[in-house]
Amino acid sequence: MSQHALLSLGAKAWRCLYCPKSELRLDLTLGCGQTFRWRETGEGHWTGVMAGRVWTLTQIDDTLWYHVYRRQEDPDHVNRQKRKKAGDSQELRKKFKEMAEVKVEEDDKSLCVSTSEQDTKDEEVLRDYFQLSVKLEDLYKEWGDADPHFRDTGIIFSGLRMLRQDPVECLFSFICSSNNHIARIQGMVERLCGMFGTPLCELDGTHYHDFPSIEALAERGVQAQLRALGFGYRARFLQESAHQILSSHNPKWLHTLRNDPYLEARAALLKLPGVGPKVADCVCLMSLDKSEAVPVDTHVRRIAKHDYSCAAESKQKTLTNKVYQEIGDFFRQLWGPYAGWAHSILFCADLKKFQKLKEIPTIKEENNQAKSE
DNA sequence: ACGATACCTTA
DNA sequence: AAGGTATCG
């Protein structure tokens with residue numbers, strides 16, 4: 001059976017690129033709740049699905065290592081693909097070329113780094129997904145200069161950046177997030193992919209699937225199946241949103257929102273069932289290139305009030321549209337055009353799972369010393 | 001436009 | 001209550 005790749009077992013099937021921790025920290029970036037599908041499958045090794053393939057990533061010093069798995073050996077699936085593309089010899093040649101390259105990699109026992117067209121493409125996928133062209137360290141400096149409170153948190157929570165996720169995955173994942181907690185959302189998204197997504201490969205008994213297509217989610221019976229899978233009232237939102245996108249627009253429509261201004265994209269998303277201001281802003285920020293979008297949830301609302309004395313008149317139970325707007329505008333004015341990125345860092349620092357990072361370093365060292373003695 | 005409440009589950 | 005949204009006074 002195939003296993004998750006481990007860098008320590010040999011770098012022959014791994015590639016790497018230069019990327020300091022100040023620009024990217026996998027634990028924060030993949031674990032802060034902007035995506036729900038990455039898991040730590042080994043010490044410092046993160047496995048997940050990106051651009052339709054399964055990847056394992058890990059960081060050593062200033063190097064980001066990545067391994068891409070080949071597709072699952074599924075005779076039925078392969079035959080289906082062959083029949084489908086029987087007339088397309090160009091496609092088949094390309095496919096065989098890719099397979100040959102994989103074979104070469106597998107057979108290559110040496111540590112020498114060979115580059116190929118595929119490697120170049122893989123690196124480009126990775127750079128795009130992590131938006132590595134955005135210089136994060138410079139942004140932290142700017143946010144810190146403008147906001148002393150941010151500076152304190154930013155020192156500990158460095159290297160947290162927004163992903164450029166697939167809009168389909170982002171939208172349907174965050175429709176699941178309403179009135180819900182992260183652990184349950186992760187389970188729901190996993191079941192969603194397992195039930196409606198194309199299988200990719202199996203590693204250590206874990207089956208990896210691509211995220212479902214909008215077409216798959218728009219099918220008639222989907223709502224009932226999702227109910228049975230414990231999605232609750234969100235089952236209807238998922239199916240109806242998928243249906244509405246196909247009936248009012250087309251499968252590529254979500255991607256086209258990347259070319260629209262923030263407020264237009266946001267307004268378009270708000271028309272979908274199960275999508276309110278918070279979910280719309282999550283999709284804008286995390287998949288549609290709207291770095292100024294600030295999703296205001298209960299955490300952010302509390303941070304705004306408690307740490308910034310913003311929206312003081314928010315004694316009410318419910319978050320009104322007006323207060324939502326006020327809080328977003330406040331942070332945009334404070335942090336600038338990448339306010340959404342900055343917001344996610346304070347949000348992350350507020351999560352229970354990351355509280356241990358806030359322990360005072362001296363105390364931590366004392367503890368370590370006490371342990372080693 | 002504002003403010004409250006129900007909504008599926010699970011921790 | 002949990003990283004909300006739709007609906008109704």
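Values in this document were obtained by computation on a predicted structure and should not be read as measured data. Numbered from 1 within each chain, the chains take letters A, B, ... in sequence-line order.
Checking C:dG3, B:dA4, C:dG4 against the side-chain heavy atoms of A:Phe347 singles out C:dG3 as nearest. Taking only side-chain atoms of A:Cys282, from C-beta outward, the nucleotide of B:dC8, C:dA6, C:dG3 with the closest atom is C:dG3. Across C:dG3, B:dC2, B:dC8, the shortest atom-to-atom separation from the side chain of A:Asn179 is found for B:dC8. Side-chain proximity of A:Lys322 to B:dC2, B:dT9, C:dT5: nearest is B:dC2. Minimum atom distance to the side chain of A:His181 is reached by C:dG3, of the listed B:dC2, C:dG3, C:dG4. Among the nucleotides C:dT5, B:dG3, B:dC7, the one closest to the side chain of A:Tyr233 is B:dC7.
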| query | Can A:Leu136 and A:Leu24 be said to form a side chain to side chain contact (heavy atoms under 4.5 Å, CB included), step by step? | reply | CA-CA 8 Å; A:Leu136 194 62; A:Leu24 171 64; over 6 Å; no
| message | A:Glu219 vs A:His243, test: side chain to side chain contact (heavy atoms under 4.5 Å, CB included). Steps then yes/no. | response | CA-CA 8 Å; A:Glu219 297 272 349; A:His243 177 76; over 6 Å; no
| said: Between A:Glu142 and A:Trp335, does the side chain to side chain contact (heavy atoms under 4.5 Å, CB included) criterion hold? Intermediate values first, please. | reply: CA-CA 8 Å; A:Glu142 288 172 29; A:Trp335 294 326; over 6 Å; no
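Counting any heavy atom pair closer than 4.0 Å across all strands shown, A:Leu272 reaches sugar-phosphate atoms only and no base atom. Residue-level contact check: A:Thr298 touches the backbone only, with heavy atoms under 4.0 Å from sugar-phosphate atoms and none from bases. Residue A:Cys32 is classed as a base contact, given a heavy-atom separation below 4.0 Å to a base. Nucleic acid contact class of A:Pro295 (heavy atoms, under 4.0 Å, all strands): none. Within the 4.0 angstrom heavy-atom criterion, no nucleotide atom of any strand lies near A:Val300. Note on A:Gly33: a base of the nucleic acid sits closer than 4.0 angstrom, heavy atoms only.
Side chains of A:Ser158 and A:Ser22: a donor-acceptor N/O pair is absent below 3.5 angstrom, by distance only. Residues A:Gln325 and A:Asn321 have side chains that never bring a donor and an acceptor to within less than 3.5 angstrom of each other.
Considering A:Gln34, A:Met162, A:Lys290 as possible partners of A:Leu285, the one that fulfils the side chain to side chain contact (heavy atoms under 4.5 Å, CB included) test is A:Met162.
Counting atom types as modelled, A:Lys278 pairs no side-chain N or O with a base atom of C:dG4 as donor and acceptor under 3.5 Å. Residue side chain A:Tyr324 does not reach the base of C:dG4 through any donor-acceptor N/O pair under 3.5 Å, judged by distance alone.
Separating the P atom of B:dG3 from that of C:dG3 is a span of 24 Å, rounded to the nearest Å. A gap of 14 Å separates the P atoms of C:dC8 and B:dC8, to the nearest Å.
A distance of 6.0 Å or more separates the ring centres of A:His343 and A:Phe331.
B:dC8: no Watson-Crick or G-U partner with both key distances under 3.5 Å is found in any strand. For C:dG3, there is no paired nucleotide, since no Watson-Crick or G-U wobble pair has both relevant distances below 3.5 Å.
In terms of position on DNA chain C, the residue among A:Pro273 and A:Asp297 whose nearest nucleotide sits closer to the 5' end is A:Asp297. Checking A:Lys317 against A:Leu270, the closest nucleotide of DNA chain C that is more toward the 5' end is the one next to A:Lys317.
Going from atom CZ of A:Arg301 over to atom P of C:dA1 covers 14 Å, rounded to whole Å. Nucleotide B:dT9 holds its P atom 19 Å from the CD atom of A:Glu190, rounded to whole Å. What separates CG of A:Leu346 from C1' of C:dG3 is a distance of 15 Å, to the nearest Å. As a whole-Å value, the separation of A:Arg234 CZ from B:dC7 P is 14 Å. Here the C1' atom of nucleotide B:dA1 and the CD atom of A:Glu326 are 14 Å apart, to the nearest Å. The CZ atom of A:Phe174 sits 11 Å away from the P atom of C:dG4 (whole-angstrom rounding). Taking atom CD of residue A:Gln325 and atom P of nucleotide B:dA1, one finds them 12 Å apart after rounding to whole Å. Between the NE2 atom of A:His299 and the C1' atom of C:dG4 there is a distance of 13 Å, rounded to whole Å.
In this structure, A:Arg184 does not reach the C:dA2 phosphate: none of its side-chain N or O atoms is under 4.0 Å from OP1 or OP2.
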